[in-house]
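By convention in this document, chain letters (A, B, ...) are assigned in the order of the sequence lines, proteins followed by strands, and residues within each chain are numbered from 1.
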Number of protein chains: 2
Amino acid sequence: MTTEPRQGAQAIRRALMVLRILAAGRESGVPLTEVVQATGLTRPTVHRIVHVLIEEGIVERHEKTGRYAIGGQVPELALARPSRSPLLAAADDILARTSQRVGDTLFLTVRTGNDTLCVDRRIGFYPIQVLSIEVGARRPLGVSSAGVAILAAMPMPDARKIVTANEVRFAGYRTSVATVLSQIALAKRRGYNLREAGLVQGTKSLSTWIKTPDRQPAAAITVSAVRTRLGPRREQEVAEILLEAALAIEKKIESLP
Amino acid sequence: MTTEPRQGAQAIRRALMVLRILAAGRESGVPLTEVVQATGLTRPTVHRIVHVLIEEGIVERHEKTGRYAIGGQVPELALARPSRSPLLAAADDILARTSQRVGDTLFLTVRTGNDTLCVDRRIGFYPIQVLSIEVGARRPLGVSSAGVAILAAMPMPDARKIVTANEVRFAGYRTSVATVLSQIALAKRRGYNLREAGLVQGTKSLSTWIKTPDRQPAAAITVSAVRTRLGPRREQEVAEILLEAALAIEKKIESLP
DNA sequence: GCTTGCTGTCCATAATGTGGACAGAATTGG
DNA sequence: CCAATTCTGTCCACATTATGGACAGCAAGC
């Protein structure tokens, strides 16, 4: 029951598109051209939208660089929703326990539209930790290990649709529709996703997916570690722990609301 | 240097207007009619905007009540800005110390557009505490004690402009332009704002304003207590403490960035 | 100087968003 | 049970609004 046919609000939808691209730029922001290319809108249009949003305090422009970023009024609006999401609440202590068992950095990543968004990170006890990704990091679904995992958990046609929609943005991350689709296929048959070459050289990531009560894949748990920490033997161990954690979180969400 | 003449984005501005009204409704949300009356837009327009925002995940609708509220995607966008605002950072420990000295509940309230927004609250040690306002509470400037304080700190023409803009919304809070203007005048000559009848019966509030380095009044510190705790003698004492705290925060903001 | 790669602005045009009017659903109360 | 009232949702003719091609400025590199 995905209804999406309401019209009469092109401009608003476009503004939100822009906002989501800007969100991916985090503090440092995004140059106008990049927004243009990522949204597929024309430059005058993006320019107008961005500047209206600046006047409204929703977007900021960095004095020096001229890049555009999410403005201070967005967190202010967010204050209207005090409570954490059920997922975050449910995941909290399970992540803590899992982190203790694994020892390497754990990430909790959710799907939001066609993006992945890192919403939690736990640092383990092992002396070498991969901290490449921070809470708030947002990338097109399919780029990160967590993204592939989430895509692998959904019906192939849906996944393909999302991947295609993200095609233009993949260029900036040195990947392609074909690459992502094959990674999804691999993850599907393995039951979890594995990434040999992480964003940082010499790291390896492993992700399992979490489904909400309505069976939609909505999130992923990821472990990142230096490659030597994740040999074939330990990979198997860690995979089982993560699968267990994912299941535990799914159960807990059901019991909460 | 307030430039506000950019056009070609009526719809986007309207959508943001709607969002800000919804933000004031917090978790419980706002019925459509109220949004219509607060924004001055027509009902079909508000309806369209709100429903597009729902499709985009920016707004949610409560199943039972049918009221509209800020959606889960807003905090997700807010994650793009990890750092606290300079004001919050500067105020942190000063609030803690002030709370120790006063013993009653302290609020930090900022101005955002034509609204006040409570961004921090410290509970004191005295056994009776006024907890009427929560972090995230948003009201039209002029309605709360903090709002009057902030208005009192700006040039009268500016204050009058804001108060007039909020006129339609005052009805819902049982106040009026005239009332607010007279409160502002009183606060101006006193150097801080005093409210005998708080939102809750039998409480009393006292607010001092904080200006940013560019001399714009941007926030207020408020103490709320049961009336008996704030007799004339203690009122004077508390006012001095709050004035001191406001000054300290102003100084600290300047030194930070 | 010329090119390349940005950002910003204009304005004729049509597509977009508007809102009056109508309709249904839910609640009240006589 | 049927007005009366008050809310939400939808339609569609119309003109206001947002669009984007074209032009312009500006800085960096060659």
Whole-Å distance between [N] [atom2] and [X] [atom1]?
{"X": "His51(B)", "N": "dC11(D)", "atom1": "NE2", "atom2": "P", "answer": "13 Å"}
{"X": "Lys64(B)", "N": "dA25(C)", "atom1": "NZ", "atom2": "P", "answer": "20 Å"}
{"X": "Glu34(B)", "N": "dT8(D)", "atom1": "CD", "atom2": "C1'", "answer": "15 Å"}
{"X": "Arg13(A)", "N": "dA15(C)", "atom1": "CZ", "atom2": "C1'", "answer": "16 Å"}
{"X": "Leu32(B)", "N": "dT10(D)", "atom1": "CG", "atom2": "C1'", "answer": "13 Å"}

B/S/- contact track for nucleotides 15-30 of chain D, protein heavy atom under 4.0 Å = --SSBBBB--------
From the options Val143(A), Thr175(A), Ile21(A), Leu141(A), select the one residue that forms a side chain to side chain contact (heavy atoms under 4.5 Å, CB included) with Arg169(A).
-> Ile21(A)
Looking only at side-chain N and O atoms, does Tyr68(A) come under 4.0 Å of OP1 or OP2 in dG8(C)?
->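 Affirmative; the distance criterion is met.
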Taking OP1 and OP2 of dT8(D), is either one under 4.0 Å from a side-chain nitrogen or oxygen of His47(B)?
-> no
If you measure from the Lys or Arg side-chain nitrogens to the Asp or Glu carboxylate oxygens, is any gap between Arg13(B) and Glu55(A) under 4.0 Å?
-> yes
Glu76(A) bridged to Arg81(B) by N-O distance under 4.0 Å |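 Looking at Glu76(A) and Arg81(B), the cut-off is not met.
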Which angle, rounded to 10°, do you find between the first-five-pair axis and the last-five-pair axis of the helix from dG1(C)-dC30(D) to dG30(C)-dC1(D)?
-> 30°
Between atom CG of Leu87(A) and atom CD of Glu250(A), what is the distance when rounded to the nearest 0.5 Å?
->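 Between Leu87(A) CG and Glu250(A) CD, I get 10.0 Å after rounding to 0.5 Å.
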Is the His47(B)-Tyr68(B) ring centre distance short of 6.0 angstrom?
-> no
Check: Pro217(A) main-chain N/O paired with Arg111(A) side-chain donor or acceptor under 3.5 Å = no
Hey, are the side chains of Leu117(A) and Asp115(A) touching, using non-hydrogen atoms and a 4.5 Å cut-off?
->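 Leu117(A) vs Asp115(A): side chains apart.
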When you look at Ser207(B) and Ser145(B), which way does the side chain to side chain donor-acceptor pair (under 3.5 Å) test go after all the steps?
-> CA-CA 6 Å; Ser207(B) 307; Ser145(B) 170; 2.6 Å; yes
